[in-house]
Amino acid sequence: NQLAVFPDAGGIPEDALLAIAREFNYSETTFVLPPADPKHAARVRIFTPGGELPFAGHPTIGTAFVLASSGVLERTATEVVFEEGVGPVPVRIDRDSEGAVVGCTLTAPRLPEQGPPAPPQAALARVLGIDAALVLDGSECWSCGVPFLVVPLASVDALSACRLELGQWRQTLAGYATRNVYPVARAGDDRWRVRMFAPDIGVAEDPATGSAAAAFAGWLAKRSATPDGTLRATLYQGTEIGRPSELLLEVDFARGALAAVRVGGAAAMVAQGTLSI
């Protein structure tokens, strides 16, 4: 999932931020600013082509990777905190024996919260352009700062067959708590295939969505019998649009209750440059 990161955005005019995000036209663009609290590493503002987000996982991980790899953060830094719209977001930076960054993992700033009841299965099937029999029971809205409508499907084939029907999407989710649609299908033990559609924010389909993975942890936790310990899952996203991504999800339980959610993954630097404003 492509991400543009501006490591020193202090001189960019406020009214240019959204215009820059639209110029890149990636799922997200981040702007790094000095933190309000000097104990934190940075303030990070996240924009889609449609507007600013209070929290997003893929941009948090990608921004941490860029800052750690380029020397903006101390070479020995392994734990940092970003200030985002949702609040402080802790990030762990994993390095190899030579100090190179091999992955980053965020801790969700909030535990997942369940939203209002989902629309009927038949309506959700029409939104996704598939047969109603392929939508399983259990569609729910979950949020860790940004809400997503989790829609469980019968198989990976059903997931791959989804084609968001914009007319049905607008009609079914008009006035609902979110119009971010997150169909999921089990792909094996502790493995899931997922997709995320968010036309409202200028993202027809996202190749990797960390905030949705964090929200999905609430859906998983509700169905888990784990009293204590950590549930781990791997989420594969972006396959259908030729941009395969892998997200690692960890859900901690204590005395049968959800205690923490972490989302991690790897990133790669592919280009550097300057932008004329």
Side-chain angles (χ1 to χ4, degrees), residues 40 53-61 64 78-94 102-118 135-156 159 177-178 180-196 206 208-237 245-266:
H40 297 160
L53 295 178
F55 167 64
H58 150 254
T60 299
I61 290 169
T78 56
E79 302 281 346
V80 299
V81 176
F82 289 156
E83 296 173 0
E84 299 185 12
V86 73
V89 181
V91 183
R92 186 185 76 232
I93 300 168
D94 297 321
V102 295
C104 299
T105 301
L106 68 84
T107 299
R110 301 177 184 172
L111 291 178
E113 297 179 352
Q114 188 170 355
V135 179
L136 303 179
D137 291 336
S139 294
E140 294 169 353
C141 177
W142 286 89
S143 174
C144 282
V146 177
F148 296 88
L149 179 56
V150 180
V151 182
L153 302 183
S155 66
V156 170
L159 184 80
T178 182
N180 303 329
V181 184
Y182 192 66
V184 303
R186 187 179 291 277
D189 293 340
D190 302 325
R191 293 185 295 123
W192 292 81
R193 282 272 299 277
V194 304
R195 299 177 72 177
M196 203 287 285
D206 196 24
T209 318
S211 53
F216 180 54
W219 189 93
L220 282 177
K222 184 176 177 179
R223 291 154 177 80
S224 173
T226 305
D228 293 282
T230 300
L231 181 154
R232 292 178 173 84
T234 303
L235 312 182
Y236 301 95
Q237 187 176 343
S245 302
E246 183 177 306
L247 298 91
L248 307 177
L249 178 63
E250 296 180 343
V251 186
D252 290 346
F253 293 88
R255 299 179 182 177
L258 195 156
V261 174
R262 292 179 296 279
V263 180

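Note: hydrogens, waters and symmetry copies are ignored here, and every other heavy atom, side chains too, is used. We count residues from 1, following the sequence as given.
At most 12 non-hydrogen atoms from other residues, nucleotides or ligands lie less than 6.0 angstrom from CZ of R255.
In this structure, L106 CG and E84 CD are separated by 8.0 Å, a value rounded to the nearest 0.5 Å. Once rounded to the nearest 0.5 Å, the distance linking SG of C144 with CZ of F216 reads 12.5 Å. Rounding to the nearest 0.5 Å gives a distance of 14.5 Å between CZ of R186 and CZ of R193. A distance of 5.0 Å separates OG1 in T226 from CZ in F253, rounded to the nearest 0.5 Å. Taking CG of L149 as the reference point, atom SG of C141 lies at 6.5 Å (rounded to 0.5 Å). Put simply, OG on S245 and NE2 on H58 are 7.5 Å apart, with the number rounded to the nearest 0.5 Å.
In this structure the side chain of V151 reaches within 4.5 angstrom of the side chain of V135, judged on heavy atoms. Counting heavy atoms from C-beta on, the side chains of L249 and V261 come closer than 4.5 Å. For the pair E79/P90, no side-chain contact is recorded, criterion being any heavy-atom separation below 4.5 Å from C-beta on. In this structure, M196 and V181 have side chains that are not in contact, with every pair of non-hydrogen atoms separated by 4.5 Å or more. For the pair V263/L248, no side-chain contact is recorded, criterion being any heavy-atom separation below 4.5 Å from C-beta on. Taking 4.5 Å as the limit, every side-chain heavy atom of V251 sits out of range of all side-chain heavy atoms of R232.
Checked against the 6.0 Å centroid criterion, the rings of W142 and Y182 do not qualify as a close aromatic pair.
At least one donor-acceptor pair closer than 3.5 Å links the side chain of W219 to the backbone N or O of G138. A side-chain donor-acceptor contact under 3.5 Å links T178 to the backbone of P147. In this structure a side-chain-to-backbone donor-acceptor pair under 3.5 Å is present from T60 to A56.
Counted by atom type alone, R92 and T105 present one or more donor-acceptor pairs between their side chains at under 3.5 Å. Looking only at atom types and distance, the side chain of Q237 has a donor-acceptor partner in the side chain of T209 under 3.5 Å away.
For F55 against V146, the heavy-atom pair with the smallest separation is O-CG2, 3.3 Å. In terms of heavy-atom proximity, A217 sits nearest to L258 at O-CD1, 4.0 Å. The shortest non-hydrogen separation linking C104 to V91 is CB-CG1, 4.2 Å. In terms of heavy atoms, A185 sits closest to V156 at CB-N, 3.8 Å. Across L159 and P183, no two heavy atoms sit closer than the pair CD1-O, 3.4 Å.
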One pair to check against salt bridge (Lys or Arg N to Asp or Glu O under 4.0 Å): D252 and R262. What are the steps and the verdict?
CA-CA 8 Å; D252 290 346; R262 292 179 296 279; 2.6 Å; yes
Apply side-chain contact (heavy atoms from CB on, under 4.5 Å) to T234 and D190, showing your working.
CA-CA 6 Å; T234 303; D190 302 325; over 6 Å; no
Step by step, would you call E246 with R191 a salt bridge (Lys or Arg N to Asp or Glu O under 4.0 Å)?
CA-CA 10 Å; E246 183 177 306; R191 293 185 295 123; over 6 Å; no
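Test S211, P112, S143 against F148 for side chain to side chain contact (heavy atoms under 4.5 Å, CB included) and you get one pass: S211.
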